[in-house]
Amino acid sequence: DRLRSRGLGDVYKRQEKNSSIFPSEPVSFILVMMIMMLQGRHLTDSAAQIVMLFLNMVLSHLELDYRFPKTLATFTSRMDYQGRFFDGITQYVSCMHCHNIHKLPADQDTRKKNQYCQRVIKYNSVGIAIQWCSTELYRVTKKDKLIPKRIYMYNSVITTLKKFLARDGFTQELTAWKNRLLKKEGHLFDIYDDDVWKNFKINPTDETPFFFASNFNLGFSINVDWYQQYTGSVYSVGAIYLSCLNLPRKIRNLRSNVIFVGLMPGPGEAHLQQIN
């Protein structure tokens, strides 16, 4: 308010007509990308809003059209974070007791109706459910909002594969194994030399083995590993990821080619039943 009283209130006024897309001005574009990369990990919400205010002063001084909004919530909505970066990612509520996952409703009323874990933990002699986990799934904020106590993140394999297949040269890499030179009878250099790859069929009556029937019949290895998410804190989360075996060995485990499927919440490594 004090800044506005000094004649700086116009820092918010000028704005490109379409505020839902990235600015076309190079300087504005760089500043927007800077806020997007710093926000959340390096800047708190309030700090990001202060930075945006001063960046608006810079844009005003340079006589550029783009302006950051007053609040970070408006900025994230404008830039469509969910659509641009989180397409295919779904959040689930994870039970703190049994690790069962549940859909995360957007509205508060539905959350209130499903506050407790509905996983059946006991059946009677004829198979009828008689006991449920019933652990609370949400905590109540000061504003009386229900927030998940723990979240499991899932990334769609199909959505990710669509993005991979749209990349230049990716489809050619998927078939490179058919023309590899490293072959020797009785030796296994890669999974392609194994009988499973050569003979696997979805249906035993199929004439052609699965991986030879189409260039887009894909095989994956699934991996699970736990790691410390924070420095100086004993808190482990579990990563579930897929490697596409059709890709050459030298590139199949590159970060750009691995599908990060799920993130299992901590604080510690879950045992097998909980993972299942």
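Counting from 1, the numbers follow the sequence of the chain as shown. When reading the values below, keep in mind they use all heavy atoms of this one structure, side chains included, and skip hydrogens, waters and symmetry mates.
- No side-chain heavy atom of N246 sits under 4.5 Å from any side-chain heavy atom of F220.
- Note on residues 249-276: pairs passing salt bridge (charged side-chain N to carboxylate O under 4.0 Å, His left out), not counting sequence neighbours, are D190-R252.
- Sequence neighbours left out, not one pair with a member in residues 110-131 passes salt bridge (charged side-chain N to carboxylate O under 4.0 Å, His left out).
- D194 pairs by the salt bridge (Lys or Arg N to Asp or Glu O under 4.0 Å) definition with nothing, not counting sequence neighbours.
- Cluster annotation: L188 and F211 are assigned to distinct hydrophobic clusters (Ile/Leu/Val/Met/Phe/Trp/Tyr, side-chain heavy-atom contacts under 4.5 Å, transitive).
- Interatomic distance, OG1 of T160 versus CG of L165, reported as 11.0 Å (0.5 Å rounding).
- When hydrophobic side chains of Ile, Leu, Val, Met, Phe, Trp and Tyr are connected at separations under 4.5 Å, L146 ends up clustered with V93, L104, L137, Y138, V140.
- Taking CD1 of I130 as the start and CD1 of I121 as the end, the distance is 9.5 Å to the nearest 0.5 Å.
- Listed for the T159 side chain is no donor-acceptor partner under 3.5 Å among the backbone atoms of S156.
- With rounding to the nearest 0.5 Å, the separation of CG in D65 from CZ in R67 is 7.5 Å.
- At a threshold of 4.5 Å between side-chain heavy atoms, the hydrophobic network of Ile, Leu, Val, Met, Phe, Trp and Tyr places M36 and L64 in one connected group.
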Item to check | Stepwise side-chain contact (heavy atoms from CB on, under 4.5 Å) test for V237 and Y235 | outcome: CA-CA 7 Å; V237 295; Y235 190 99; 3.6 Å; yes
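- Nearest heavy atom pair, residue M37 against residue H42, reads O-CD2, 4.1 Å.
- Partners of I30 according to the side chain to side chain contact (heavy atoms under 4.5 Å, CB included) rule, which considers only residues two or more places apart in sequence or in another chain, do not exist here.
- By the salt bridge (Lys or Arg N to Asp or Glu O under 4.0 Å) test, R180 is found to be paired with D193, residues two or more places apart in sequence or in another chain being considered.
- The structure places CG of L43 at 10.0 Å from CE of M52, a figure rounded to the nearest 0.5 Å.
- V258 and V224 are members of different hydrophobic clusters when ILVMFWY side chains are connected at heavy-atom separations under 4.5 Å.
- Listed by chain and number, the residues in a side chain to side chain contact (heavy atoms under 4.5 Å, CB included) with A73 are T71 (sequence neighbours excluded).
- Linking ILVMFWY residues whenever their side-chain heavy atoms come closer than 4.5 Å, directly or via other members, leaves F200 and I222 in distinct clusters.
- When the shell of 6.0 Å around CD1 of I158 is examined, it contains 12 or fewer heavy atoms from other residues, nucleotides or ligands.
- Shown here is H61, whose NE2 atom has no more than 12 heavy atoms of other residues, nucleotides or ligands within 6.0 Å.
- In the hydrophobic clustering of ILVMFWY residues, with side-chain heavy atoms under 4.5 Å counting as a link, I251 and L174 come out together.
- Other residues, nucleotides and ligands contribute at most 12 non-hydrogen atoms within 6.0 Å of the CD atom of Q273.
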Next on the checklist: Pair L245, L218 - check side-chain contact (heavy atoms from CB on, under 4.5 Å), show working.
Outcome noted: CA-CA 7 Å; L245 299 173; L218 308 179; over 6 Å; no
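- Here the side chains of F68 and L31 are in contact, with some heavy-atom distance below 4.5 Å.
- Residues passing the side chain to side chain contact (heavy atoms under 4.5 Å, CB included) test with I275, sequence neighbours excluded: W226, M264, A270.
- Counting only heavy atoms from C-beta outward, the side chains of Y92 and T90 approach each other to under 4.5 Å.
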Item to check | Worked check of side-chain contact (heavy atoms from CB on, under 4.5 Å) between N253 and N257 | outcome: CA-CA 6 Å; N253 288 315; N257 292 327; over 6 Å; no
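- Screening residues 195-212 for side-chain hydrogen bond (donor to acceptor under 3.5 Å, both in side chains), with sequence neighbours left out, gives N203-T205.
- Other cluster members for V120: Y123, W132, joined by side-chain heavy-atom distances under 4.5 Å among Ile, Leu, Val, Met, Phe, Trp and Tyr.
- For N155 (side chain) and G262 (main-chain N/O), no donor-acceptor pair under 3.5 Å exists by modelled atom type.
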Item to check | Verdict with reasoning, Y154 to I101, per side-chain contact (heavy atoms from CB on, under 4.5 Å) | outcome: CA-CA 11 Å; Y154 169 72; I101 61 172; over 6 Å; no
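- Side-chain atoms of Q91 do not come within 3.5 Å of backbone N or O of M153 as any donor-acceptor pair.
- Distance NE2/H99 to SG/C117: 11.0 Å, rounded to 0.5 Å.
- No donor-acceptor distance shorter than 3.5 angstrom exists from the side chain of S60 to the backbone of N56, with no hydrogens or angles considered.
- Side-chain contact between F170 and L247 is present, with at least one heavy-atom pair separated by less than 4.5 Å.
- Here F260 and Y241 keep their ring centres 6.0 angstrom or further from each other.
- In this structure, T74 and K70 have side chains that are not in contact, with every pair of non-hydrogen atoms separated by 4.5 Å or more.
- Taking the side chain as every heavy atom from C-beta outward, T171 and F216 approach each other to under 4.5 Å.
- Under a 4.5 Å side-chain heavy-atom criterion applied to ILVMFWY residues, the cluster that includes I128 comprises V126 as well.
- Here side-chain hydrogen bond (donor to acceptor under 3.5 Å, both in side chains) pairs that include residues 213-223, with residues two or more places apart or in two chains, are K178-N215.
- Here N100 contributes atom CG and C95 contributes atom SG; the two are 7.0 Å apart, rounded to the nearest 0.5 Å.
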